[in-house]
Amino acid sequence: MAELSYELTPAEAKSKLDAGEALLIDVREPQEHQLCAIDDAELIPMNTVPQQLQHLEELADEKVVIVFCHHGVRSLNVVNWLRRQGVENCTSMAGGIDAWSAQIDPGVPRY
């Protein structure tokens, strides 16, 4: 199996999701999540990721965990941290939900 890159584009993320190979984790804050969200993404705010490590490990055993935030900075930090904890099957969506809205689903509001 090819090593998973630290980032993938929204189009690559959608392809993996459509194929049933991946799931989405939203690491934005709850108030950001209320403004807009991607269907079926699980909200795990960045500051709660360490407490959710076991849950994230279990998810990563089943599918690729695609982490996203607003623009892709926090999610990349989370992926770097998860990989240091031994969770290899995770990647960040470059550009975050803002890029998803612009490139994949214009129905997702931008902020």
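The basis for the numbers below is simple: all heavy atoms, side chains too, and nothing from hydrogens, waters or symmetry mates.
- Other residues sharing a hydrophobic cluster with V65 under the 4.5 Å side-chain heavy-atom criterion for ILVMFWY residues are Y6, L23, I25, V27, I44, M46, V49, L53, L56, L59, V67, L76, V78, V79, W81, L82, V87.
- Sorted by first and then second residue, the ring pair (Phe, Tyr, Trp, His ring centres under 6.0 Å) pairs with a member in residues 24-68 form an empty list; sequence neighbours excluded.
- Side-chain contacts under 4.5 Å among hydrophobic residues (ILVMFWY), followed directly or transitively, place L43 with no other residue at all.
- Two residues are said to be in side-chain contact when any heavy atoms from C-beta on lie closer than 4.5 Å; D61 and N89 fail this criterion.
- S92 pairs by the side-chain hydrogen bond (donor to acceptor under 3.5 Å, both in side chains) definition with S75, not counting sequence neighbours.
- Here the CD-CE distance, from E7 to M93, works out to 10.5 Å after rounding to the nearest 0.5 Å.
- Here the straight-line distance linking atom CG of L8 with atom OG1 of T91 works out to 4.0 Å at 0.5 Å rounding.
- For E12, the salt bridge (Lys or Arg N to Asp or Glu O under 4.0 Å) criterion is met by no residue, not counting sequence neighbours.
- Among residues two or more places apart in sequence or in another chain, the salt bridge (Lys or Arg N to Asp or Glu O under 4.0 Å) test is passed with D40 by none.
- The minimum heavy-atom distance linking P109 with C36 is given by the pair O-SG, 3.3 Å.
- Residue A22 comes nearest to L17 through the heavy atom pair O-CD2, 3.5 Å, listed as atom of the first residue, atom of the second, then distance.
- Take R110 and apply the salt bridge (Lys or Arg N to Asp or Glu O under 4.0 Å) test, not counting sequence neighbours, and it matches D98.
- The side-chain hydrogen bond (donor to acceptor under 3.5 Å, both in side chains) test applied to E32 returns R74, Y111, not counting sequence neighbours.
- Applying the salt bridge (charged side-chain N to carboxylate O under 4.0 Å, His left out) rule to pairs touching residues 19-31 yields K16-E21, D26-R28, sequence neighbours excluded.
- For residues 41-51, the set of pairs meeting the salt bridge (charged side-chain N to carboxylate O under 4.0 Å, His left out) definition, not counting sequence neighbours, is empty.
- Under the rule for a side-chain hydrogen bond (donor to acceptor under 3.5 Å, both in side chains), the partners of D18 that lie at least two apart in sequence or sit in another chain are K14.
- Partners of H71 by side-chain hydrogen bond (donor to acceptor under 3.5 Å, both in side chains), not counting sequence neighbours: none found.
- Residue Q31 places its CD atom among more than 12 non-hydrogen atoms of other residues, nucleotides or ligands, all under 6.0 Å distant.
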